[in-house]
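Shown next, in structure tokens, is the structure this report addresses.
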Number of protein chains: 2
Amino acid sequence: MNKQPKVTAQTKQNLTDAFWSLYCEKRIEKITVKDITRKAGYNRGTFYEYFTDIYDVLEQIEESLIPSLDELPPITILNQNMGMPFDMFVKFYEQNSKYYSVLLGDNGDPSFASKLKNSIKPILKQAFSEKYDLNPIKFDFILEYVLSAMIGTMSYWFTQNKVLPLEDLITLINDLMENGVINCLSKLSNEYK
Amino acid sequence: MNKQPKVTAQTKQNLTDAFWSLYCEKRIEKITVKDITRKAGYNRGTFYEYFTDIYDVLEQIEESLIPSLDELPPITILNQNMGMPFDMFVKFYEQNSKYYSVLLGDNGDPSFASKLKNSIKPILKQAFSEKYDLNPIKFDFILEYVLSAMIGTMSYWFTQNKVLPLEDLITLINDLMENGVINCLSKLSNEYK
DNA sequence: TCTTATTGTACAACAAGTTGTCGTATATTG
DNA sequence: CAATATACGACAACTTGTTGTACAATAAGA
């Protein structure tokens, strides 16, 4: 006899959803298996049919959120405007914002930011290595710099409930990347007067 | 009768140290009070004389690591070279690297990065508001961008065991801040050939 | 200087709650 | 109707936070 994939998939999803709504409210260490199953309407033991423990739920969610290489837009896009693909990054972020803004936020998981960076690095690396011939060690630091800045700014934008229109944010970040912080500051200062 | 400040301070420190050595090894949620007191050589109950729970230990450590406004160098320093004070930041980081590299790392506490940013923002804000007249909303995003990049790069430098000499790192970051990513990339590319 | 009262410090034991497991009942499929 | 996937109930081991108690150190009086 076969399994009943529809039933189990639904149960697993219900448990995952219950976990997520709790994770949005409080730190993971304050969440009990009892909390999750009560919210989802199952026996506590059922949880262990699907997950080994509470961290397993988080890990599986995170896994589904790391962009796989093939689902990202082809690298050629990068070569068009030659800048950092912040807009591409924003789109991807917005698609998963429900999860991203929590995982990358103050009660999130710091290792998720690393996983995310590491999944994007090879793509940028390949794209830029076609154009530039770089000291690989320094290049790694530049990538870390760029991705930290992107992710940090992006998360901040979400916590601030998008006070800045998306278009303005993209323009600002591209400007910062393109011309540096100091130039950007003095330019903005002149505009504002 | 007075308290015995030396005795209690020592006990508290012993418990804090035991906690920290465990925190360096594993996630906070896997640490039990029993672990801590066994390592420090006390009864489990003693822990509760000094801390309300395990998170209290972490919070108190973090509190002691947030730079207070008065212990930071005066703002005038910023005005000299007019750049972002990355070197100042590095020095502060290195002084506390034992704690910073863990708290800002993959098993660290994401809220600590926020606290750190928020403690530095007012200083930079004041320093730059003397020189520039800026849209406050956009300026907040620029600060978030700068601090995310600094902290991210700094942490990465520690995880990579300082493969790049500190002087080179400072030069690189200043260049990225000053001239932007693209310029920096092409400049480095020419140097490398 | 010696004794005694007082209080700070650390400990042991307790109830309540959580974890992960395992055997059992129910529902679904062939 | 038989077989098995799915969900449930109960169990032992462990962790938590609290409370009452013993010991140690200090200060005052003789």
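All figures in this text were calculated on a predicted structure; none of them were measured in a lab.
In this structure, B:Asn14 places its CG atom 13 Å from C1' of C:dA10, rounding to the nearest Å. The separation between A:Leu15 atom CG and D:dT6 atom P is 13 Å, rounded to whole Å. The CD-P distance, from A:Glu49 to C:dA25, rounds to 16 Å in whole Å. Rounding to whole angstrom units, NZ of residue B:Lys12 and P of C:dA10 are separated by 13 Å. The separation between B:Lys34 atom NZ and C:dC11 atom C1' is 15 Å, rounded to whole Å. The separation between A:Gln13 atom CD and D:dT6 atom P is 16 Å, rounded to whole Å. C:dC22 atom C1' lies 18 Å from atom CZ of A:Phe47, rounded to whole Å.
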Dump the pairs, protein N or O against N or O of nucleotides 9-12 of chain D, anything under 3.5 Å, distances to one decimal.
| unit_1 | atom_1 | unit_2 | atom_2 | d |
| --- | --- | --- | --- | --- |
| D:dG9 | OP2 | A:Asn43 | ND2 | 3.2 |
| D:dG9 | N7 | A:Asn43 | OD1 | 3.3 |
| D:dG9 | N7 | A:Asn43 | ND2 | 3.3 |

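Both key distances under 3.5 Å define a Watson-Crick or G-U pair, and stretches of 3 or more such consecutive pairs in DNA chain D run C:1-30 with D:1-30.
Shown here are the side chain to side chain donor-acceptor pair (under 3.5 Å) partners of A:Lys98, two or more places apart in sequence or in another chain: there are none. Listed by chain and number, the residues in a side chain to side chain donor-acceptor pair (under 3.5 Å) with A:Asp175 are A:Asn179, A:Lys187 (sequence neighbours excluded). With sequence neighbours left out, B:Lys138 forms a salt bridge (Lys or Arg N to Asp or Glu O under 4.0 Å) with no residue at all. Here B:Asn96 pairs with nothing under the side chain to side chain donor-acceptor pair (under 3.5 Å) rule; sequence neighbours left out.
Side-chain contact between B:Ser21 and B:Asp17 is absent, with no heavy-atom pair separated by less than 4.5 Å. Side chains of A:Leu58 and A:Leu103 form a contact here, defined as non-hydrogen atoms less than 4.5 Å apart. In this structure the side chain of A:Asp140 never reaches within 4.5 angstrom of the side chain of A:Glu144, judged on heavy atoms. Residues B:Asn43 and B:Thr37 have side chains not in contact (no heavy-atom distance under 4.5 Å, counting atoms from C-beta outward).
The ring pair (Phe, Tyr, Trp, His ring centres under 6.0 Å) pairs that include a residue from residues 20-40 of chain A are A:Phe19-A:Tyr23, A:Trp20-A:Tyr23, A:Trp20-A:Tyr99, where partners are two or more places apart or lie in different chains. Residue pairs meeting the salt bridge (charged side-chain N to carboxylate O under 4.0 Å, His left out) criterion with at least one member in residues 38-59 of chain A, sequence neighbours excluded: A:Asp35-A:Arg38. The stretch residues 106-116 of chain B participates, sequence neighbours left out, in these salt bridge (charged side-chain N to carboxylate O under 4.0 Å, His left out) pairs: A:Arg27-B:Asp109, B:Glu62-B:Lys115. Applying the ring pair (Phe, Tyr, Trp, His ring centres under 6.0 Å) rule to pairs touching residues 100-119 of chain B yields B:Tyr93-B:Tyr100, B:Tyr100-B:Phe112, sequence neighbours excluded.
Contact check of residues 52-63 of chain B against DNA chain C (heavy atom, cut-off under 4.0 Å) returns no residues at all. Within a heavy-atom distance below 4.0 Å of DNA chain C, the residues of residues 20-32 of chain A found are A:Thr32.
Contact annotation: A:Tyr48 side-chain N/O to C:dT21 OP1/OP2 distance is not under 4.0 Å. OP1 or OP2 of C:dA10 has at least one side-chain nitrogen or oxygen of B:Tyr50 nearer than 4.0 Å. One finds a side-chain N or O of B:Thr11 lying less than 4.0 angstrom from the OP1 or OP2 phosphate oxygen of C:dA10.
For B:Tyr42 and B:Phe47, the ring centers sit 6.0 Å or farther from each other.
For NZ of A:Lys26, the number of neighbouring non-hydrogen atoms (other residues, nucleotides, ligands) closer than 6.0 Å is greater than 12.
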